[in-house]
Every structure is written in structure tokens, then in C-alpha cells.
There are 2 protein chains.
Amino acid sequence: MSKKPAETQKSAIPDDPELQAQRFGRVREAHQTETAEDYVELIADLIEAQGEARVVDLSSRFGVSHATVNKVIARLNREGLVSNRKYRSLFLTDEGRELAVRCKERHLIVFNFLRSIGVPEEIAEIDAEGVEHHVSEETLKIFQAYISKHKK
Amino acid sequence: MSKKPAETQKSAIPDDPELQAQRFGRVREAHQTETAEDYVELIADLIEAQGEARVVDLSSRFGVSHATVNKVIARLNREGLVSNRKYRSLFLTDEGRELAVRCKERHLIVFNFLRSIGVPEEIAEIDAEGVEHHVSEETLKIFQAYISKHKK
DNA sequence: CACAAATTTTAGCCATGGCAACAAATTTGA
DNA sequence: TCAAATTTGTTGCCATGGCTAAAATTTGTG
């Protein structure tokens with residue numbers, strides 16, 4: 001009766017399992033790349049700001065042990081995003097550098113968008129850090145348009 | 001010269017390490033609870049929609065194997081969010097139910113906010129799934145206010 | 001230069017959440 | 001009823017990203 005053919009019945013009924021599985025799959029994927037993105041982004045920032053990126057810096061800025069940093073770096077190296085030689089400072093590969101640029105852009109858009117709808121600076125910074133990895137290109141474009149329209 | 005005393009120099013310089021570590025720490029925390037939140041939310045939805053929540057449903061909707069579901073359920077049980085007996089359908093504890101309610105509210109706010117700034121339905125659904133776990137209470141309030149102001 | 005301090009690496013531990021394969025219980029239906 | 005199908009549970013594997021502790025290397029100072 002009041003049931004539209006194949007429409008989402010909103011509220012509780014989560015609709016088609018496959019669709020939902022795809023969504024969660026996306027989130028899991030995003031999660032996979034989160035660490036990599038955070039690392040290349042910070043490495044790029046450190047190189048720009050201090051001329052080099054060292055394990056200590058990453059460990060203090062991420063708030064994890066240097067052992068953890070080392071493990072992640074080993075993976076990023078394996079995946080061709082970071083190039084490093086023992087006991088020397090860290091570098092990004094071309095691929096890593098490209099990824100860093102994209103991430104930084106995205107981060108900035110999310111941050112600016114949050115600011116422009118009225119989120120206080122420090123909170124926007126925190127939220128952007130978590131949110132940036134989960135925002136689609138489409139949504140990002142909408143954020144960008146909103147910023148442009150409302151700026152100053 | 002155009003350098004204000006102790007201000008964030010924007011762009012590349014990531015500012016104080018401790019602050020930054022706190023931010024990443026928050027993201028890690030959020031991540032910790034993500035799985036739990038997704039599970040209780042879906043369990044609640046399934047119970048509402050179909051009268052019960054079974055391992056098969058979770059596995060097909062999350063798109064993971066039932067072995068994985070079982071493992072997570074064991075943890076949630078240990079943590080007092082889910083109550084279950086062997087070979088029977090799953091239930092939420094009071095605590096689990098409360099968490100589910102909070103998550104559902106949050107999910108809906110994020111989803112509606114995205115819709116209200118012009119994100120298409122299916123994309124909003126995907127993005128909300130990933131974003132919801134990383135939005136602070138403050139930002140959520142701002143989302144909510146925006147929705148109210150722009151609704152209809 | 002030599003040695004102490006700082007940094008980096010390694011090793012070994014843990015929990016989580018993936019998986020496949022197999023085992024057990026329950027439901028179904030002929 | 002009872003065999004087959006489905007559902008659930010268990011086991012053992014893997015990778016990731018946490019940790020501490022100890023070893024190795026580099027750095028810097030006296």
C-alpha cells in the first residue's frame with residue numbers, strides 16, 4: 001500500500017544488501033589508504049618546513065613510537081611511496097609526492113569548508129584530519145563551490 | 001614581516017607537534033570505535049526491519065565473511081554491547097542499544113547535511129558512512145543548524 | 001679522537017579484522 | 001522422519017599498526 005515500488009523506505013530498512021556492502025567496502029578501502037596518506041602528507045610538510053623528514057619527527061607528530069613509524073615506513077617503501085636508506089632521513093618517491101599534493105589539497109578544502117560553515121579553527125583541524133579520507137570527489141567539488149561562493 | 005607573532009603560518013608548517021599528535025590520536029580513537037558503531041547500528045536496523053539480526057545478514061551487508069562477523073561479535077560481546085547465545089540471533093545490550101541510537105542520529109544528521117548542500121543521494125550515503133565517525137559534536141551541531149535553516 | 005647522547009633499526013609481543021577450510025548445529029522440505 | 005541445505009561456530013592463517021626493550025649507527029662535544 002503506502003509502499004513505493006523499489007524505493008528506499010527511509011528510516012530503518014537499510015535496503016539492498018549488495019549496495020550496502022559496497023558502501024562499507026569503500027570505507028574499508030579508504031581506511032587502508034589513510035595511514036599512507038597521513039604519512040606522505042606529513043613527510044612532505046616536514047621536508048618543506050624543515051628541509052628533511054626524520055623518524056623522530058613523525059613519531060612525535062603522530063604521537064606513536066618510533067618503532068611504529070619504522071614499520072609503516074617499511075610498508076610505504078614496499079609500496080613505492082617512500083624511498084629511504086638506513087639511518088638517513090626520509091624521502092618521497094614521485095608517486096608519493098603526487099599523493100601528498102592531492103592529500104594536502106583535499107585536506108585544505110575540507111578544512112576551509114568546515115571553517116566557512118562556522119566550525120572553530122582547532123575543531124575544524126581535528127575533524128578535517130579524520131574526515132578528509134572519507135569524502136568523495138563529488139562532495140569535495142561541492143565543498144569547493146560552497147567555499148568560493150561564501151568567501152569574504 | 002607578514003609573520004604574525006605565534007600564529008599558525010598556514011600552509012606547510014604543521015605547528016606544534018603535541019597538538020598535532022593529539023589530533024591524530026583522536027582519529028585513531030575514532031577508528032577504534034568505528035567497527036563497534038557500525039555493527040550495533042546495523043544490528044539495530046535489522047532488528048527493527050526484520051525482527052532479528054543474524055550473522056548471515058551482517059556478513060552479507062558488510063560484505064565480509066561470517067568468520068569475520070563472528071570474531072567482531074565476540075569482541076562486542078566481551079565489551080558488553082551485544083548479547084548472543086550460540087546459533088541464535090543477535091541482540092543488543094542496553095548499552096549497545098543506546099550507542100546504536102546515538103550513531104543513527106549522527107548518521108542521519110551527516111547524511112541530511114550532505115543532501116542539503118547538494119550531494120546526490122547515493123553519494124551522500126557512501127560519504128556519510130565514512131564521515132560520521134569523525135565528526136565532532138560541535139560540528140554536528142553546526143550541521144544540524146544548517147539543515148534546519150535550509151530545510152524545505 | 002673518543003665517548004656520550006640521540007637517532008634509527010630490529011626483534012618480539014599484542015589486538016584487530018580480514019580470509020579459507022572444516023566442524024557442528026539448526027532449519028527445511030520431501 | 002531424516003537427509004540436505006543453510007546457518008553458525010572454530011581454527012589457523014595473514015597484514016596492519018600499536019607497544020617495549022635492546023642493538024646498531026650517527027652525531028656532536030669535550
Side-chain angles (χ1 to χ4, degrees), chain A residues 17 21-43 46 50-91 129-130 133, chain B residues 17 21-43 46 50-91 129-130 133:
Chain A
Q22 276 177 28
R23 288 180 202 151
F24 284 113
R26 292 266 199 114
V27 179
R28 278 196 302 276
E29 258 177 58
H31 197 276
Q32 272 278 347
T33 57
E34 262 182 54
T35 308
E37 295 181 347
D38 286 341
Y39 272 70
V40 298
E41 199 176 336
L42 184 49
I43 290 172
L46 285 168
Q50 323 188 328
E52 63 174 2
R54 329 218 88 217
V55 174
V56 218
D57 301 322
L58 295 184
S59 123
S60 86
R61 295 194 119 91
F62 281 130
V64 302
S65 74
H66 50 271
T68 297
V69 171
N70 251 334
K71 237 187 237 181
V72 174
I73 292 297
R75 167 166 85 88
L76 300 185
N77 190 311
R78 208 162 61 231
E79 291 173 357
L81 293 170
V82 165
S83 86
N84 61 321
R85 279 152 33 217
K86 278 195 172 190
Y87 296 98
R88 299 302 174 71
S89 68
L90 309 167
F91 294 95
E129 203 63 71
H133 307 284
Chain B
Q22 277 176 28
R23 287 179 202 151
F24 285 113
R26 293 267 199 113
V27 179
R28 278 196 302 277
E29 258 178 56
H31 197 275
Q32 272 278 348
T33 56
E34 261 183 54
T35 307
E37 294 181 348
D38 286 341
Y39 271 71
V40 298
E41 198 176 338
L42 183 49
I43 290 173
L46 286 168
Q50 324 188 326
E52 62 174 3
R54 329 219 87 214
V55 172
V56 218
D57 301 322
L58 295 184
S59 126
S60 86
R61 296 193 119 91
F62 282 130
V64 302
S65 73
H66 65 276
T68 297
V69 171
N70 255 333
K71 237 188 238 181
V72 175
I73 292 297
R75 167 166 84 88
L76 300 184
N77 190 311
R78 207 164 61 231
E79 291 173 358
L81 294 170
V82 165
S83 86
N84 62 322
R85 280 152 32 216
K86 278 196 170 186
Y87 297 97
R88 300 301 174 71
S89 67
L90 309 166
F91 294 96
E129 203 62 71
H133 307 284

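To find a chain, count down the sequence lines: A is the first, B the second, and so on, and within it residues start at 1. Just so you know, these numbers use all the heavy atoms, side chains as well, and skip hydrogens, waters and symmetry mates.
Atom CG in Asn77(A) sits roughly 11 Å away from atom P in dT10(C) (whole-Å rounding). The OH atom of Tyr87(B) sits 4 Å away from the C1' atom of dA25(C) (whole-angstrom rounding). Rounded to whole Å, atom C1' of dG17(D) lies 18 Å from atom CZ of Arg28(A). In this entry the distance linking CD of Gln32(B) with P of dG17(D) reads 14 Å, nearest Å. Atom pair Phe24(A):CZ and dG17(C):P shows a separation of 14 Å (rounding to whole Å applied). Distance Leu90(A) CG to dT7(C) C1': 12 Å, rounded to the nearest Å. Between Arg75(A) atom CZ and dC14(D) atom P the separation is 18 Å, expressed in whole Å. Rounded to whole Å, the distance from CG on Asn84(A) to C1' on dT25(D) is 15 Å.
Residues Leu81(B) and Ala36(B) come closest through the heavy atom pair CD1-CB, 4.0 Å. Annotation for Phe24(A) and Arg61(B): closest pair CD1-O, 3.5 Å, computed over non-hydrogen atoms. Of all heavy-atom pairs spanning Tyr39(B) and Val64(B), the tightest one is OH-CG2, 4.3 Å. When all heavy atoms of Asp57(A) and Gln50(A) are compared, the closest pair comes out as OD2-OE1, 3.6 Å. Scanning all heavy atoms of the two residues, the minimum distance from Ala21(B) to Ser60(A) falls at CB-O, 3.5 Å. When all heavy atoms of Val27(B) and Glu34(A) are compared, the pair lying nearest together is CG1-OE1, 4.2 Å.
Other residues, nucleotides and ligands contribute at most 12 non-hydrogen atoms within 6.0 Å of the CD atom of Gln32(A).
The stretch residues 67-74 of chain B touches DNA chain D through Ala67(B), Asn70(B), Lys71(B), each having a heavy atom within less than 4.0 Å of the strand. A heavy atom lying under 4.0 Å from DNA chain D marks none of the residues of residues 51-60 of chain A.
If you check distances only, the side chain of His66(B) never reaches the base of dT7(D) with a donor-acceptor pair under 3.5 Å.
Note on Arg88(B): nothing from the nucleic acid sits closer than 4.0 angstrom, heavy atoms only.
Close to dG17(D), at under 4.0 Å from its OP1 or OP2, lies a side-chain N or O of Thr35(A).
Side chain of Arg26(A) to backbone of Gly130(B): no donor-acceptor contact under 3.5 angstrom is found.
Side-chain proximity of Glu79(A) to the nucleotides dT16(D), dA24(C), dT10(C) is greatest for dT16(D). Considering only the side chain of Arg78(B), dT16(C) comes nearest among dT8(C), dG18(D), dT16(C). Distances were taken from every side-chain heavy atom of Val64(B) (C-beta onward) to each of dT8(C), dG17(C), dG18(C); the shortest belongs to dG18(C).
Residues in residues 63-77 of chain B take part in these salt bridge (Lys or Arg N to Asp or Glu O under 4.0 Å) pairs, two or more places apart or across chains: Arg75(B)-Glu79(B).
Nearest-nucleotide positions on DNA chain D place Tyr39(A) closer to the 5' end than the other of Tyr39(A) and Lys86(A).
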